Protein chains: 2
Amino acid sequence: MPTATVKIAEDISLPSKVHQRTRSDHASELAEDYVEAIADAIAKKGVCRGVDLVHQFAVTHATVNNTIQRLQRDGLVRTEPYQPIELTAEGRRLASRSRQRHEIVESFLKFLGVSEQTAAIDSEGMEHHVSKETLQAMKRAMRQGRSSGSR
Amino acid sequence: MPTATVKIAEDISLPSKVHQRTRSDHASELAEDYVEAIADAIAKKGVCRGVDLVHQFAVTHATVNNTIQRLQRDGLVRTEPYQPIELTAEGRRLASRSRQRHEIVESFLKFLGVSEQTAAIDSEGMEHHVSKETLQAMKRAMRQGRSSGSR
DNA sequence: CGGCAAACTTAGAGTCGGCTAACTCAGGGG
DNA sequence: CCCCTGAGTTAGCCGACTCTAAGTTTGCCG
Ligand SMILES: [Mn+2]
Ligand SMILES: [Mn+2]
Ligand SMILES: [Mn+2]
Ligand SMILES: [Mn+2]
């Protein structure tokens with residue numbers, strides 16, 4: 001049989017894309033959780049201080065400082081020494097998107113019958129890997145599930 | 001009212017536990033994907049070579065080497081210079097558990113109505129954050145969904 | 001059997017996200 | 001008003017995971 005080597009490019013690119021996407025999700029994951037936590041603190045207490053994030057994430061003050069510096073470099077937060085941490089417009093947009101997605105994933109898990117605590121824990125990690133398409137599917141399932149009983 | 005400061009410990013530990021769990025998931029994530037890929041390569045071609053992982057994960061040979069060294073240090077794989085990569089008994093157990101979990105998450109997404117490609121991409125990241133309890137809930141939903149039509 | 005290409009290794013580097021230790025700063029009570 | 005304490009900062013470290021660049025080894029083909 002003469003040279004039957006065709007369509008290799010796609011076969012190679014598909015599996016690799018999967019992991020490239022996972023790596024890129026991880027790169028933005030911490031940023032998403034931080035801006036969400038900062039927005040929550042501001043909503044609840046008026047301002048967000050570093051110590052709030054120390055408690056929220058169970059890391060040291062030094063780690064929070066490093067992370068906030070990166071977020072500032074990336075244009076998501078604004079802060080000056082000894083001052084509260086503020087979100088930029090872009091930071092607020094990211095926080096809002098992240099919280100919406102997080103809430104959908106968490107309520108979907110509870111809709112599936114998972115306990116409150118497990119839903120809280122699992123959704124915190126899962127949220128960052130859920131695409132728009134999957135998010136839509138979760139919302140659809142909840143809509144249909146609610147309207148048509150359990151049978 | 002006299003000294004009403006009780007149950008602070010739990011209130012502080014609950015949100016922080018959530019993120020500790022996410023961090024620990026990430027620590028084992030790459031190992032899980034690697035042993036799964038190695039088991040797949042062995043199943044399909046008899047042996048797994050570094051170059052198979054280079055293609056699978058779209059990273060360089062140097063990166064695969066580093067990662068395999070860590071996995072070997074952790075007792076999941078066995079390898080010698082210029083030889084194929086083998087799994088230890090522990091590595092095979094982890095690969096098997098990981099693949100089962102991965103398959104459930106992926107088929108659950110398809111069950112939800114998500115496209116093949118999105119299911120493949122999203123499940124690759126989500127799988128590592130899905131607890132036993134959520135996995136059970138996914139299996140239950142698929143069982144019930146299959147038996148009771150779409151209405 | 002000699003050489004070449006593909007596979008593999010090694011060295012050196014960088015970013016990220018975590019830590020400890022040792023500071024400095026700010027603000028309220030005595 | 002001074003100082004104590006909690007909050008914040010800084011320096012220095014480390015491991016994970018990625019890369020580039022420059023080698024080495026293997027195996028096959030002519
Ligand atoms: Mn979140
Ligand atoms: Mn999260
Ligand atoms: Mn997997
Ligand atoms: Mn995965």
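Reckoned from all heavy atoms, side chains included, excluding hydrogens, waters and symmetry mates. Naming: A, B, ... by sequence-line order, numbering from 1 per chain. Please read these numbers as outputs of a predicted model, since none were measured by experiment.
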**Prompt:** Without hydrogens or angle criteria, can the side chains of A:E36 and A:S98 be said to hold a donor-acceptor pair below 3.5 Å?
**Reply:** no
**Item:** Given B:V47, B:I68, B:D52, the one that forms side-chain contact (heavy atoms from CB on, under 4.5 Å) with B:I38
**Value:** B:I68
**Message:** Which residues in residues 24-38 of chain B have a heavy atom closer than 4.0 Å to any atom of DNA chain C?
**Reply:** none
**Message:** Quick check for you: name the first and last nucleotides of DNA chain C, 5' to 3', having an atom under 4.0 Å from a heavy atom of chain A.
**Reply:** C:dC16 to C:dC25
**Fill in**
Result for side-chain contact (heavy atoms from CB on, under 4.5 Å) between B:V35 and one of B:L94, B:L30, B:D40 points to B:L94
**Asked** Do A:V18 and B:M126 sit in the same hydrophobic cluster, where Ile, Leu, Val, Met, Phe, Trp and Tyr count as joined when their side-chain heavy atoms come under 4.5 Å apart?
**Response** no
**Complete:** Hits for side-chain contact (heavy atoms from CB on, under 4.5 Å) against A:R93, two or more places apart or cross-chain, chain-then-number order -> A:A89, A:E90
**Nearest-angstrom distance from the residue atom CG of B:N65 to P of D:dA21** = 18 Å
**Complete:** Which of D:dT20, D:dG8, D:dC17 is nearest the side chain of A:Y82? It is D:dG8
**Message:** Whole angstroms only, please: what is the CD-P distance between B:Q69 and D:dT18?
**Reply:** 15 Å
**Item:** A:N66 or A:Q83, whichever maps to the more 5' nucleotide of DNA chain D
**Value:** A:Q83
**Message:** Go nucleotide by nucleotide along DNA chain C from the 5' end; which of A:V59 and B:G50 gets its closest nucleotide reached first?
**Reply:** B:G50
**Prompt:** At under 4.0 Å between heavy atoms, what does B:R23 touch on the DNA or RNA strands: base, sugar-phosphate, or nothing?
**Reply:** sugar-phosphate
**Request:** Start with the C-alpha distance between B:S28 and B:H128, add both sets of side-chain angles, then the distance that settles side-chain hydrogen bond (donor to acceptor under 3.5 Å, both in side chains), and finish with yes or no.
**Result:** CA-CA 8 Å; B:S28 38; B:H128 309 280; over 6 Å; no
**Request:** Check the distance between D:dG23's C1' and B:H61's NE2 and give it to me in whole angstrom.
**Result:** 14 Å
**Fill in**
In whole angstroms, the gap separating P of D:dA7 from CZ of A:R49 amounts to 10 Å
**Prompt:** Toward the 5' end of DNA chain D, which comes first, B:A58 or B:D74, by nearest nucleotide?
**Reply:** B:D74
**Request:** Check the side chains of A:H129 and A:T22 for a donor-acceptor pair under 3.5 angstrom, ignoring hydrogens and angles.
**Result:** no
